[in-house]
Each structure stands twice: as structure tokens, then as C-alpha cells.
Amino acid sequence: MTRYIFVTGGVVSSLGKGIAAASIGRMLKSRGMSVSVLKLDPYLNVDPGTMSPYQHGEVYVTVDGSETDLDLGHYERFIDVELTSLSNVTAGQIYTEIIGKERSGIYLGGTIQIIPHVTDAIKGHIKKLAEESAADVILVEVGGTVGDIEGQPFLEAIRQVRGDVGRENTFYIHVTLLPFLGSTKELKTKPTQHSVQALRSMGIHPDAIIGRADHEVEQDVKDKIARFCDVKPDSVFGLPTLDSVYKVPLYLEEQGIAATLSDALNLPDTEPDLAYWRHIAEIEDDEEDPVRIAVVGKYVELHDSYLSVAEALRHAGFHHGRKVQIDWISSEEIEEKGADKLLADAVGVLVPGGFGPRGVEGMIETASYARNNGIPYLGLCLGMQVMVIEYARSVLGLKDANSLELDADTEHAVISIMEGQEQLVDTGGTMRLGQYPCRLREGTRAREAYGVELVNERHRHRYEYNNDYRIQLEEAGLVASGVAPDDSLVEIAEVYDHPFMVGSQFHPEFASRPEKAHPLFREFVAAACKVLREGGQFELPAADGSTATAVAESER
Ligand code: GLN
């Protein structure tokens, strides 16, 4: 029998419900259970793919190519699962589905209502994930805050699940804020009491409460919450803001949340193996000599827009037993002040994905700085494209080389739309999304990093490396180290005569896990550690391109 754990939020948004849910998933997985997760997002957008990074942060891409909420990234990383479109359902999707059915006459003239049509559709998605994943436990997080108008059908749907599958198979956790009052120096529980009241007015009586706070939640505060919210004393947990999200599973574990869940849901409460998570927590505490990586992008003031990139860098650090410190650098600031000035402290630079021309020249300058100074460089999607543009401009001497996205009139569109993909641009909004295979060429850094010939990686972009320039670029030392199996697309490019200058058209960051750093990030950070150890920059081998040409020729 599948067990369902529902996570709701109270008082304010941005409490880290996703991290809490992901941490609970990790604790159950570490006890040998299989876990899947569903994020219910009550907003009316069909998916976050069209939302601005200012509104939404990163768009997380699943293997099957759905553009989803960034919480799915937390779930995948913490629980080490691969999720699909089944794991993110928005009100926009539910209403589109229902209105589509209404238009095609499926409801046979009936009146269509929130209850039962909308709630049944929501429950249908929960059930579908339970069936297809066959997981022991399904975690369902309801986005937003209790009291939001658009959230009501979702709360009603999860309320009904208890009646459908039984009390013994359902558990409701409410994550709320405990504000700290400076004048009396105490955490206040009243907003939580009100929020629980609001939840109860919807028919949901929470089984457990997690109180989020900026301070330690003492036992007397927990007792008070238990009393006023009618929750068992052993079912109130505190979660102060920790300095690393990777400490959250351990923090909740110590308070015995897993035992409470096992009790209520009759799950095996075996000894969890969390040794690696303890190791990670130690690295996160290590303030000595961090590996300083500069991430150069357009939205660097919004760290959430590059969430998976930051996490993947941390994971690579965990692998090497080193703490990675990220210096967020605006590419527009590079345009104003110069790369030498802003990147001087970095032992590695990473240019992440992005859209549109703003700040791109600063990213190109970043690529040039890394190439000329032997600083390890990892380019992701747009970051790979700017690396190709920079190489074409500086090494091939094609001064106006650019991406068609950034300059529609360029004579040298080294990043372009490939034959057969033109309609992607005409129709707009359509991208190459999801997982595609990539063949790694022998003798390259990419191949060495992965250690296998064929890999699958996730994409989210419209433009591609232009094959018309491939021979020219390869002969000049920019090797296509990863290609589509039929050789039609370049998926990874690397500068042959450089300690580590690799760009991927795909987004490796989505596949990285704390316990399994992604090979490209792992090797990038290894190269950065080497720079750090040697106290400066690498000696650049003579860039005559001869070795690169040899690789290219052996494959031709
Ligand atoms: N804007 C580029 C493209 O569409 C890169 C996209 C990205 O970095 N995700 O191809």
C-alpha cells in the first residue's frame, strides 16, 4: 500500500517547504524505502517555462523535457531520484485539461465544478504518480501558503485523499513560520496557530508541524505549539535557518521526525545510513581555503536563477573534500570594469545558461580571459555558445562571429539554427527540451571525465553550434568532444590546449547529486583545485592546434 505524506505551508511563502519535503524523502530513502515526489503548484501558468527568473528562479528540466518548479531539483538531489512531468502539476495544467474535456463534450452536458471535477483531476495526478512510480511513499508538496485563494482546490483534493486511502496511509505536515520579536527576544507562535486554524477550516488537521525560524526552536515553544494546535508533542519540530541546506536532513533526523512518520504510517524504522551527509556537513563548515569559483551571468543577483549550477558546484567540492565558494559576478559589470579586475580571485570561472543579448559581451570577455590565462572554464548552454563565439572571433579572426539569437545580421553565425529546426524559431516558445544522447570522442577531456562513450543529458535551448564552422574550429584547436550519435549536432566543445575549457550545449547541472558529483563539474573543480594548489595559473601549452587537428583527423 502506498503511503502519502502531504506538506503544506503556513504564514508566509519561501519557507523552504521544498527542502523540508526533500529532506524527509532523503530520510525515508536512507531507510531503504522508495520515494517519489509531486509538487502541486496552484498558480495558473501551465508551467514555469514562461515565467521570468525574477518571479520564479530557475526552471528545472526533467529527463522527459518538462519545464518544472525548482523544488523538483531539491527532490532529485536530496532523494537521488529521476522525476518526470508526472511530478509537477499546476492549476494551469488542471484547468487546461478540464476545459479541453468540456470542449470535446466528455462531460455529457454536466455542470463542471471545482468539486468534484477539479479535485478529481488533482487526485488523478496524485494517483497516476503513485501507480507509475510504484514508490513506497509519495510526498506531495502543495505550493503557496494556506489561505491563498488558488490553493483551495488543492487543499480540498489532498483532504479527500485521506478518506480515499485511509488515515493509516496519510500524513499531513504543516510547515510554518515562527517570527522572532526583537523587543521580547522570543519566537512567537500565534501566526502558526492562526495558520493551523485556517488549515483546519479546510478540513485538514495537521499530524505534524515544522516551525521555521531564524533561531533555535526551544522545547517550550514546541510544547506550546503542540498544545494550541492540537498536535502530539513528539510531532512538533523546529527548523532554524541553517547555513547549508544539506544539513536539514540531519537536523530533522536528530529530532526524530522519521520515527514519528514510521509510527503513524507503519513504516520500517531501520537505522538510516547518513554517513555521507555528515561528511558533507563537515565540508560545508570548513571555512579554510575555499575553492573560489566565479559564476558570470546576467541574473547573478538572483541566486535562485542558477540554483542547480550552484548546487552542482558544491557537489563537486564534496567529491574533492573541499568547500566551493561562489563569487557571483554580473556579466554587465565585466563589460564596464573588465574581466581582469573582477575575476582576479577566481581559480575557475563558470558561465551558465541564459537568453537574450544583455550582458553577453561580458560573458565573451570572460571566456577570453579564462582562455588566455589558463583559468579553468565551464560553459553551460549559453556559456558554451559564448566560448565558441570567442574562439571564432579571437582565434579564427572572424570579428563579427556571433549567435543568430544575439545578432540576426551577423555574417558568421557560429551559433545558429540547424537545418530542420527552423520551425522552432518561427513558432516561438519551442525549444530542444529534455534528455538527448551524446557520444564522447576518444582522447578528449569530456570522454576522460565521463569514462564512457555514450551519455544522456538534459537540454533547454533553441540555438546550436553551427556545423559549417566545425572543421575550421577544430583545426584551430576547438574540439567537438561530444556529438549527437549521428554526428549531426555538437553537444560539447573543448579547447584542446587548455587545462580545462569545456562547454556543453546541455545542462549537466540538473543531473548532479550531492553523493554523485557530475563528471564535468567534478573535473572542472579538480582543475580549479590544481590552480589553487599551484598558487596561480597554469602554464599554457603551445596553442599550435596540432594535437587537436590529429584528433579531428582520426575521426574524419
Ligand atoms: N539562449 C540560448 C539558446 O536558446 C541558450 C539557452 C540556454 O542557455 N539555456 O540556444
Side-chain angles (χ1 to χ4, degrees), residues 1-9 15-40 71-84 86-88 126-142 158 161-162 165-175 206-210 212 231-232 234-239 242 245-281 311 513-516:
M1 189 71 197
T2 316
R3 310 313 205 277
Y4 298 87
I5 298 173
F6 297 101
V7 180
T8 55
L15 279 175
K17 271 189 315 245
I19 304 267
S23 299
I24 290 167
R26 167 40 53 197
M27 287 183 274
L28 299 174
K29 178 105 184 250
S30 293
R31 286 173 163 77
M33 281 167 258
S34 59
V35 179
S36 196
V37 201
L38 171 57
K39 173 82 191 277
L40 297 172
D71 274 332
L72 269 79
H74 295 311
Y75 308 152
E76 287 207 358
R77 287 187 283 272
F78 276 64
I79 309 174
D80 191 16
V81 278
E82 219 164 59
L83 304 172
T84 64
L86 293 177
S87 285
N88 194 192
I126 299 174
K127 204 165 145 215
K128 191 159 180 210
L129 178 67
E131 282 166 6
E132 302 223 348
S133 69
D136 300 326
V137 179
I138 303 286
L139 277 154
V140 181
E141 180 193 343
V142 182
I158 66 164
V161 176
R162 177 161 271 184
V165 305
R167 170 170 289 274
E168 66 286 9
N169 295 313
T170 47
F171 196 88
Y172 296 86
I173 302 178
H174 194 49
V175 183
D207 298 301
I209 291 173
I210 297 179
R212 284 278 294 106
V231 172
K232 286 193 207 151
D234 70 353
S235 300
V236 181
F237 307 93
L239 185 55
L242 303 174
V245 293
Y246 295 108
K247 293 181 180 173
V248 176
L250 298 172
Y251 197 91
L252 289 174
E253 176 73 40
E254 275 164 24
Q255 293 176 76
I257 195 168
T260 301
L261 286 168
S262 307
D263 243 20
L265 295 170
N266 198 17
L267 295 168
D269 189 13
T270 47
E271 199 48 46
D273 180 6
L274 291 165
Y276 193 80
W277 290 74
R278 294 208 171 83
H279 167 66
I280 290 176
E311 298 310 322
R513 303 281 186 266
E515 296 172 71
K516 254 182 275 160

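Predicted model only: the values in this text are computed from it and were never measured.
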Exercise for the section: Test salt bridge (charged side-chain N to carboxylate O under 4.0 Å, His left out) on E253 and R278 and set out the steps. Expected result: CA-CA 12 Å; E253 176 73 40; R278 294 208 171 83; over 6 Å; no

Practice task
Run the numbers on R162 and D207 for salt bridge (charged side-chain N to carboxylate O under 4.0 Å, His left out), then give the verdict.
Solution key: CA-CA 12 Å; R162 177 161 271 184; D207 298 301; 2.8 Å; yes

Practice task
Give the intermediate values and the outcome of side-chain contact (heavy atoms from CB on, under 4.5 Å) for residues N266 and R3.
Solution key: CA-CA 9 Å; N266 198 17; R3 310 313 205 277; 4.1 Å; yes

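Using modelled atom types, no side-chain atom of T8 and backbone atom of V142 make a donor-acceptor pair closer than 3.5 Å. Remark: side-chain polar atoms of R212 are paired, donor with acceptor, to backbone N or O of L239 under 3.5 angstrom. Checked by atom type and distance alone, the side chain of R513 pairs as donor or acceptor with a backbone atom of E76 at under 3.5 Å. Side chain of S34 to main chain of D136: a donor-acceptor pair is present (N/O by atom type, distance under 3.5 Å, no hydrogens or angles). Judged by distance alone, with hydrogens and angles left aside, the side-chain atoms of T260 form a donor-acceptor pair with the main-chain N or O of D234 at under 3.5 Å.
Between A20 and I210 the shortest heavy-atom distance is CB-CD1, 4.4 Å. Listed here is the closest heavy atom pair of T2 and N169: O-CB, 3.8 Å. Taking all atoms of both residues into account, the shortest heavy-atom contact from G25 to V35 is O-CG2, 3.8 Å. In plain terms, the two heavy atoms of A21 and V7 that are nearest each other are CB-CG2, 4.1 Å. Pairing each heavy atom of H174 with each of P206, the nearest pair is CB-CB, 4.0 Å. The minimum heavy-atom distance between L129 and S87, with the atom names listed, is CD1-OG, 3.9 Å.
In this structure, W277 CH2 and S23 OG are separated by 7.0 Å, a value rounded to the nearest 0.5 Å. Distance check: I19 CD1 to L252 CG gives 11.0 Å after rounding to the nearest 0.5 Å. To the nearest 0.5 angstrom, F171 atom CZ is 6.5 Å from L265 atom CG. In this structure, CE in M33 is found 5.0 Å from CG in L267, a value given to the nearest 0.5 Å. A distance of 10.0 Å separates NZ in K29 from OG in S36, rounded to the nearest 0.5 Å. Taken from CG in L261 to CD1 in I173, the straight-line distance is 5.0 Å, to the nearest 0.5 Å.
Other residues, nucleotides and ligands contribute more than 12 heavy atoms inside 6.0 Å of the NZ atom of K247.
Counting heavy atoms from C-beta outward, V140 and V161 have side chains that stay 4.5 Å or more apart. Residues F78 and V245 meet the side-chain proximity criterion, which asks for heavy atoms closer than 4.5 Å. Between L274 and R26 the shortest side-chain heavy-atom distance falls below 4.5 Å. Considering only heavy atoms from C-beta on, R77 comes within 4.5 Å of Y246 through its side chain.
Here the options are I24, V37, I5, the test is side chain to side chain contact (heavy atoms under 4.5 Å, CB included), and the partner is V137; only I5 passes.
Aromatic ring orientation, F6 versus Y172: parallel (interplanar angle below 30°, classes split at 30° and 60°).
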